[in-house]
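No hydrogens, no waters, no symmetry mates; every other heavy atom, side chains included, goes into these values. Per chain, numbering begins at 1; letters A, B, ... match sequence-line order.
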Number of protein chains: 2
Amino acid sequence: MQQKTQQGKLRQKKVVDFHAVKVACKECSLHQLCLPRSITGADLEKLDDIIERKRPLKRNEHLFQVGGSFNSIYVVRSGSLKTYSPTVDGQEQVTGFHLPGELLGLDAIGKGKHPCAAKALETTSVCEVPFENLEGLSQELPTLQHQLLRLMSKEIFDDQELMLLLGKKTAEARLSAFLLSISLRFKQRGFSSAEFYLSMSRNDIANYLGLAVETVSRMFTRFQEDGLIEAERKHIVIKDREMMQKIAGMNECCEEPTDEQSQLFV
Amino acid sequence: MQQKTQQGKLRQKKVVDFHAVKVACKECSLHQLCLPRSITGADLEKLDDIIERKRPLKRNEHLFQVGGSFNSIYVVRSGSLKTYSPTVDGQEQVTGFHLPGELLGLDAIGKGKHPCAAKALETTSVCEVPFENLEGLSQELPTLQHQLLRLMSKEIFDDQELMLLLGKKTAEARLSAFLLSISLRFKQRGFSSAEFYLSMSRNDIANYLGLAVETVSRMFTRFQEDGLIEAERKHIVIKDREMMQKIAGMNECCEEPTDEQSQLFV
DNA sequence: CTAAATAATTGATAAATATCAATTCTATAC
DNA sequence: GTATAGAATTGATATTTATCAATTATTTAG
């Protein structure tokens, strides 16, 4: 028990790679998931020039607040964040979790204001990409424009996947699909897809999935009893992925892309 | 009763404006909602040149199918469509409704394939915008690139609004928010926001909102009993918008934009 | 215009999830 | 290290919504 907690702490430390903060796009391990994809040489340096690397955020620090004016989009380098919106009844509604390589702020371009707030779930570093500069550079570099449009399209696609989830399913389907989604995203970033640490609380998960915390907790318990997962607090091991996919009621869209698919059509 | 049905039919006819089908972007009433926004003169003609106006779709005809290869994005000129995805259990899950001025296909850019199908809910005409040409032209015209990014951002924003809805609320909150959303979208297109016809079935609404048809039907009945709406089949009159907003648990993001806001930052 | 098919409504019951309450576990501050 | 606050779990109950079944209304096809 004590040991597992130790593991958790060790891993949290490993995630924060302060050396990486100053690394150029060229060297960045997220290169393939990020805007620089398919840009090279002098063009890559132009992009590199407009990107600002901010000091890491501590846990619970905000990257931006609701209603804050939109100037930049952000890419997570390490750590993770949640985005959330206030609701009338003074509650907050979690709208997303953001892992390394994922973008934040794309929903703010239209109105010029952030419709949601972003808060770090752990020590987290991000790259800031001033949007005006990015637009300007995209004007010069067709492949950058294309990649930007692709990433925005992916965001739309991912949101619709989630809508499928929230719209229809039972509590167990929602949680199962959530865990598989996190697993897949870790895998795409070069981490294990079978074993990982959740940086968000059960409360955040419940809120995100539109369930009560108690229900989420009970589902974790049930999944363990049924041998689908091992869960020790935030440490999760996927034991029976196939069954979880069945429970999640997944269609082929949600499954892991083959190498072919993941290359897309750059 | 007979009369109301008549009204319904008349309105359906009015929506289909065959003359409009050949009209250039310059003349199109959706100009301000669409890609041509903030483009004029020779540039507008360039855009106009790449846009194809397709023959109107009949009710239940498909604009594109799931898995179909992505070549173009589409703008609804008149009529309406639903998009939907197949689920494992052979059902379909409705992912969106698309009214005049709204775009379809943005979720397909990333993978190059349509993750959902689009089917006309009534006689419907669309503009087809070949995506390669649009990308090329956006490369030339900064304001077009900007508008394209804005529209994609709006799509992301709208999807997240819906997620807020599906994630948390009760059946009555969902239906109320749905009706208010449709109302607002009609208003933005110059139609009445207090009285309109729903082109989709109760089944589609229920599916979209993640509820059983029976539940939706009961909610319509309850809303009428409580004097919130008048509903005669597909004909809806909003009687107490304020109360509906309360029930929907809306935050300021969902409300009608002021003139200021609706100008955005073009 | 009539018959058949489809869509919508209504009622009764079952199932799922939220809520309330209490307890245990974990992390944090001193 | 201990005390305290916060997070997670578990149980009992209430509420909501889905499901099943039947009826009515509307649209479509001939």
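- Taking all atoms of both residues into account, the shortest heavy-atom contact from E128(A) to S72(A) is OE2-OG, 2.8 Å.
- S183(A) places a side-chain N or O within donor-acceptor distance of the main-chain N or O of S193(A), the cut-off being under 3.5 Å.
- In terms of modelled atom types and a separation under 3.5 Å, the side chain of K54(B) and the main chain of S125(B) share no donor-acceptor contact.
- Computed from coordinates, the I247(B) CD1 to dT16(D) P distance equals 14 Å when rounded to whole Å.
- With rounding to whole Å, L198(A) atom CG is found 16 Å from dA7(D) atom P.
- Rounded to an integer number of Å, the gap from R202(A) CZ to dA27(C) P is 12 Å.
- Considering only the side chain of E232(A), dT26(C) comes nearest among dT28(D), dT26(C), dT17(D).
- Looking at the side chain of T221(B), the nearest of the listed nucleotides dT26(C), dA8(C), dT9(C) is dT9(C).
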- Message: Set out, in order, the CA-CA distance, both residues' side-chain angles and the distance that settles side-chain contact (heavy atoms from CB on, under 4.5 Å) for F223(A) and S176(A), then state yes or no.
- Response: CA-CA 9 Å; F223(A) 283 2; S176(A) 182; 4.0 Å; yes
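- Here F196(B) and F191(B) keep their ring centres 6.0 angstrom or further from each other.
- When the nucleotides dA8(C), dA18(D), dA18(C) are ranked by their closest atom to the side chain of L211(A), dA18(C) comes out on top.
- Between the P atom of dA25(D) and the CG atom of N203(B) lies a distance of 20 Å, rounded to the nearest Å.
- Residues K82(A) and E92(A) are paired through a salt bridge, judged by an N-O separation under 4.0 Å between the basic side chain and the carboxylate.
- Taken residue by residue, residues 212-219 of chain B places heavy atoms nearer than 4.0 Å to DNA chain D at A212(B), E214(B), T215(B), R218(B).
- Between K234(A) and dA8(D) there is a side-chain polar atom (N or O) within less than 4.0 angstrom of OP1 or OP2.
- dA8(D) atom P lies 9 Å from atom CZ of F220(A), rounded to whole Å.
- Contact annotation: R233(A) does not reach the phosphate of dC25(C) (side-chain N/O to OP1 or OP2, under 4.0 Å).
- In summary, E61(B) and R55(B) engage in a salt bridge, as defined by a charged side-chain N under 4.0 Å from a carboxylate O.
- The separation between R59(A) atom CZ and dG6(D) atom P is 12 Å, rounded to whole Å.
- Taking atom CG of N207(B) as the reference point, atom C1' of dT17(D) lies 16 Å away to the nearest angstrom.
- Rounding to whole angstrom units, CZ of residue R174(B) and P of dA18(D) are separated by 8 Å.
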